[in-house]
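Numbers restart at 1 for each chain; the letters A, B, ... are given by sequence-line order, proteins then strands.
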Number of protein chains: 2
Amino acid sequence: MATLRDVAAAVGVSHTTVSNAYHRPEKLSGALRERILRTARELGYPGPNPLAAGLATRRAGAVGVLFTEALSYAFTDPAAVLFLQGVAGTSELADVGLTLIPAPPESPSAGEWASDAVRRAVVDGFLAYSLSDDHPGVVAARARGLPLVVVDEPEPRPGDGVPFVYVDDRDGARQAAAHLAGLGHRRVAVLADRLAADGRSGPADGARLGAVTYAVVRHRLAGYLDALPAGSRPPVVECGGNSAELGRAAALGLLAGPPEERPTAILAITDRLAEGALAAARELGVAVPGELSVVGFDDLPPAAAAVPPLTTVRQPLVRKGEVAARMLLDLIAGAAPGAGGAPERVRLPAELVVRSTTAPPAR
Amino acid sequence: MATLRDVAAAVGVSHTTVSNAYHRPEKLSGALRERILRTARELGYPGPNPLAAGLATRRAGAVGVLFTEALSYAFTDPAAVLFLQGVAGTSELADVGLTLIPAPPESPSAGEWASDAVRRAVVDGFLAYSLSDDHPGVVAARARGLPLVVVDEPEPRPGDGVPFVYVDDRDGARQAAAHLAGLGHRRVAVLADRLAADGRSGPADGARLGAVTYAVVRHRLAGYLDALPAGSRPPVVECGGNSAELGRAAALGLLAGPPEERPTAILAITDRLAEGALAAARELGVAVPGELSVVGFDDLPPAAAAVPPLTTVRQPLVRKGEVAARMLLDLIAGAAPGAGGAPERVRLPAELVVRSTTAPPAR
DNA sequence: CTGCTCGTGTTTACCGGTCAACACGAGGAG
DNA sequence: CTCCTCGTGTTGACCGGTAAACACGAGCAG
């Protein structure tokens, strides 16, 4: 493949002049520039090699987004996709690429050399999206010494200097539970997921509830407790994954008992689990919201279209992506976190959206 | 920031040895390797710079996926996301990154230097996803001289040597129309989109139908005609975008007339338009499938969950991504297209899925 | 004792650009 | 007439790695 110097030789000018023909048209006469570009075309020169240019300028021209697990899984999660939409919107404004980086939570197999993808990514900065507290991906990203913005979790220790964008999950959950409590519900159950990365399912005991690995889950759970009558400990059951199917299975168990024993309301930690709960209720002939109230979390597009439309907590997913991307771009552009330019943490509000899956409990 | 040579100097070895400590542990003693790695950590050396490494090895370690329009829009399109899911699944197997590249169809503003993102992307190859026939992004990608696989469109000229992965849209559309024709429908209308990149809406005349810029649309339209009674020219109305809302608006127009004049069936060129048609029918009190049959295209997840469940044509979206990614990876690994290794074109089947939105026309 | 191979490192040449500093002739100001 | 500035280019030094070829002592077979 022809290089910049080949073109220079063919035209009979210096390599710098060819470089300038591409980036600094004003530094040479129009005629010469034309001649250079034409020769380049004739020689099949594909233009300056981005790798070489990047090395010289020390800019990769792209930002990396870190996902837990496989990317193929991330695309399966509507919340992640919406977040990405926000990120994409603002990073293309800044004319930088977007590279997706899978960061499996497996612990390093060959000593300290796990999360290779993070180490090898050609990027100017990272966006860590919703990783667990102990995730090696975040560590690897920090080790790269590049600007890093953490989204949702893991929550950086205050003073740690890591910019952080998050949603007030606790307050959102509190609103959801308060809504239910206000309607008069006393027997409330929680449908949860991801208390840890082990994918376990079934009722969660105190120990497990005390050691939740994901900050988002921790906060939502705490928010529920905030608004429920003091001292009440709603049963929490883990679904083993965030899907309607798994939510349905778990809800089936919750709803198995006789009417006077089963919960009158379910707080689902995500919309998809709520969807599953709705399916389970339908299957069992339990009327929603007559005999059972359900509240979701996220307010994904299908929530409004569900039958009945789902009462849920809205979090600004796209906006979260926009804010995080803007913050990272500022950081890359040179703003010191916390100091003047970029704020160190941004909290986005969550808001209860009451639709048709909640009502006072049957008496 | 410390470099590989700094570490070498600190340890008192050559820089090559440090490089080997990272990539070829067998080329040096374990003790020395440990010492090097430890020193590197102490110096805050972030590991080999990916840009420099890439330059030297001539591998970027990532593949680029080209989308029409903005990325933020692509994430809005479930079909694109599903495709990406397939791509991500196979490229992470190969341990290469995934870079998303927006390729707006605008014509070059500064002479030949449009689609900058394509030219600057640090990738080893491109996947062009569903671009229009004349899209500058494809041209730019070819100009980079890197392996390129085109997905869906633009259809490369035979013998052009560009690998191509596509779905048999024409056959899928034919099946849809044949199903309707078989049920006895004679007044069929088509809900379309993207006849060109101008976003126009309204009835499409012959001239416009003759100059469709997107191959996929062209094929689906042709497939419909294949199966409809010879000589019948169903009215085609453009929606101006692929959304349920726009589909609803267009369908409202189609369904405005008295029962004996309005179509008894609608062929929607995408599921989302079909969804809009369903909404319009519901609004107008037109029973589906009693008074109106609707067939979609794509078989996105919501299609099965719609009420009533949508009859549609399934295309293997995730698989399309997998096949295309595998093909590109093979190409990057050195297989010549067409010759031995990678086949030059792969056609994926489309299949009609009959659900509950189609029935014989009311008599 | 000689000659090979093997394990460990080192030397040296790229990879393909960008950029700061400098060269040089022409036109305009003083 | 001289000096300065400006428009155009050129020189040469990086950017931060990778890899082929070579050096060298030790162990070992013949």
| query | On DNA chain D, nearest-nucleotide positions of Ser14(A) versus Leu51(B): which is more 5'? | reply | Ser14(A)

Please check the phosphate of [N] (OP1 and OP2 only) for any side-chain N or O of [X] closer than 4.0 Å.
X: Ser29(B); N: dG9(C); answer: yes
X: Arg58(A); N: dG16(D); answer: yes
X: Thr17(B); N: dT10(C); answer: yes
X: Tyr22(A); N: dG16(C); answer: no

| For Val162(B), does its backbone N or O pair with a side-chain atom of Asp160(B) as donor and acceptor, under 3.5 Å? |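 Side chain of Asp160(B) to backbone of Val162(B): no pair is present.
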
Which distance, rounded to the nearest 0.5 Å, do you find between the [atom1] of [X] and the [atom2] of [Y]?
X: Leu28(A); Y: Thr16(A); atom1: CG; atom2: OG1; result: 11.0 Å
X: Asn49(B); Y: Leu55(A); atom1: CG; atom2: CG; result: 6.5 Å
X: Leu148(B); Y: Arg142(B); atom1: CG; atom2: CZ; result: 7.0 Å

| task | Between dT10(C), dC15(D), dG17(D), spot the one nearest the side chain of Ala56(A), thanks. | result |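 Comparing dT10(C), dC15(D), dG17(D) against the side chain of Ala56(A), the answer is dC15(D).
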
Would you kindly check whether a donor in the side chain of [X] faces an acceptor in the base of [N], or vice versa, at under 3.5 angstrom?
X: Thr57(B); N: dC15(C); value: no
X: Thr16(A); N: dT11(D); value: yes
X: His15(B); N: dG9(C); value: no
X: Arg5(B); N: dG17(D); value: yes

Hey, does [X] reach any base, or is it just sugar-phosphate, or nothing, if we go heavy atoms under 4.0 Å?
X: His23(B); answer: sugar-phosphate
X: Arg59(B); answer: nothing
X: Thr3(B); answer: sugar-phosphate

Can you tell me the distance, in whole Å, between the [atom1] atom of [X] and the [atom2] atom of [N]?
X: Lys27(A); N: dA20(C); atom1: NZ; atom2: P; answer: 9 Å
X: Leu4(B); N: dC15(C); atom1: CG; atom2: P; answer: 19 Å
X: Leu55(A); N: dC15(C); atom1: CG; atom2: P; answer: 14 Å
X: Tyr45(B); N: dG16(D); atom1: OH; atom2: C1'; answer: 8 Å
X: Asn20(A); N: dA20(C); atom1: CG; atom2: P; answer: 11 Å

| Of Ile101(A), Thr99(A), Val63(A), Val150(A), which meets side chain to side chain contact (heavy atoms under 4.5 Å, CB included) against Phe126(A)? | Ile101(A)

| field | Whichever of Arg24(A) and Leu28(B) has its nearest DNA chain C nucleotide further upstream toward 5' | value |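 Taking each residue's closest nucleotide, the earlier one in sequence belongs to Leu28(B).
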
